[in-house]
Amino acid sequence: GGAGAGPQSVNPVDLSRGERGSMDDEDYLAIYDEGLLLESEDDFEPAQALFHEVAANAPDQDLRWNAAAHVVTTSGRMGGEFAWVTSLLDSLVTADDSYPTRVFGKRLIASYYLNTEAYDDGISTCTTLLESEIVLYGNEERCLQLHGTTLADSTGRRIGALVVLNDITR
């Protein structure tokens, strides 16, 4: 069970271990739910700490990604930069290096950069994601190669991106 959490809590939730000596999905779901409650009360710092715990350690990948999304959201609400956020997201992408995971992870990283007003890093993250190949399945399988580059104004400030799709099916 979870102990009540508040901004002054030293140990916001009960992190005791079950019979197996380790936490399972239910334990992490309880921590996640406590983070949601704190977030809804605009108590972002302890909420972020709970989401970080879940995103870094939960066995369930979907729960980890949901918690990671809340890490990004709370980071934006708190202001400031948290260097560990991009490392956390990169580690989640590495754990399951599928195209959908890379896209979601890079979108979260770009959101984090935009929330912290690091616009150049956000654009760069999106452009890097576009340097890949994807396969579309339908009536006929299509393989597309994506190329992207940043667009800059006369001062060198990044203002957008250009994306080219090349059908390399045949």
Side-chain angles (χ1 to χ4, degrees), residues 1-116 118 121-138 141 143-144 146 148:
Q8 305 305 317
S9 298
V10 173
N11 192 7
V13 293
D14 180 4
L15 297 178
S16 60
R17 306 297 193 249
E19 292 177 22
R20 296 174 315 285
S22 63
M23 295 173 57
D24 60 17
D25 287 336
E26 284 185 31
D27 297 320
Y28 284 107
L29 186 57
I31 294 170
Y32 177 81
D33 288 342
E34 186 71 19
L36 290 176
L37 177 65
L38 290 168
E39 185 179 32
S40 73
E41 296 170 349
D42 293 341
D43 201 357
F44 300 116
E45 189 172 346
Q48 184 187 57
L50 296 177
F51 293 134
H52 182 206
E53 171 72 19
V54 174
N57 299 302
D60 181 281
Q61 284 297 106
D62 289 337
L63 184 57
R64 290 179 78 182
W65 278 110
N66 286 332
H70 284 280
V71 163
V72 170
T73 302
T74 55
S75 296
R77 297 295 300 270
M78 290 167 52
E81 294 183 32
F82 304 90
W84 56 267
V85 172
T86 55
S87 296
L88 171 71
L89 296 172
D90 283 336
S91 72
L92 288 171
V93 169
T94 302
D96 171 24
D97 193 28
S98 65
Y99 184 76
T101 299
R102 284 194 312 276
V103 169
F104 188 67
K106 293 297 183 185
R107 287 179 63 192
L108 281 178
I109 291 170
S111 294
Y112 167 75
Y113 283 138
L114 296 176
N115 286 344
T116 59
D121 292 331
I123 291 172
S124 178
T125 298
C126 292
T127 304
T128 300
L129 176 62
L130 294 174
E131 290 296 326
S132 60
E133 293 179 4
I134 59 173
V135 178
L136 303 175
Y137 300 97
E141 183 177 304
C143 187
L144 301 177
L146 286 76

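Position 1 is the first residue of the sequence, and the numbers go up from there.
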**Message:** Which heavy atom of Ala47 sits nearest to which heavy atom of Gly35, and what is that distance?
**Reply:** CB-O, 3.5 Å

**Prompt:** Is there a side-chain contact between Val72 and Leu89, using heavy atoms and a 4.5 Å cut-off?
**Reply:** yes

**Prompt:** Taking all non-hydrogen atoms of both residues, which atom of Val71 and which atom of Gln48 are closest, and how far apart?
**Reply:** O-NE2, 3.7 Å

**Item:** Aromatic plane relationship, His70 with Tyr32 - under 30° parallel, 30 to 60° tilted, over 60° perpendicular
**Value:** perpendicular

**Complete:** Nearest heavy-atom approach of Ser75 to Val85 is OG-CG2, 3.8 Å

**Request:** Could you check Arg64 against Leu92 for side chain to side chain contact (heavy atoms under 4.5 Å, CB included), going step by step and ending with a plain yes or no?
**Result:** CA-CA 8 Å; Arg64 290 179 78 182; Leu92 288 171; 3.4 Å; yes

**Fill in**
For Ala68 and Ala55 the tightest heavy-atom approach is N-CB, 3.8 Å

**Request:** Using a 4.5 Å cut-off on heavy atoms from C-beta on, say whether the side chain of Leu50 contacts that of Glu39.
**Result:** no

**Asked** Got a second to check how far Glu53's CD is from Glu34's CD, nearest 0.5 Å?
**Response** 13.5 Å

**Request:** Taking the side chain as every heavy atom from C-beta outward, state whether Trp65 and Val93 have any pair of such atoms under 4.5 Å apart.
**Result:** yes

**4.5 Å side-chain heavy-atom contact, Phe51 and Leu36** = yes

**Message:** Would you compute the distance between atom CG of Asp62 and atom CG of Asn66 and round it to the nearest 0.5 angstrom?
**Reply:** 6.5 Å

**Asked** Is atom CD of Gln61 surrounded by more than 12 heavy atoms (other residues, nucleotides or ligands) closer than 6.0 Å?
**Response** yes

**Prompt:** Donor-acceptor pair, Asp25 side chain versus Asp60 backbone, under 3.5 Å?
**Reply:** yes

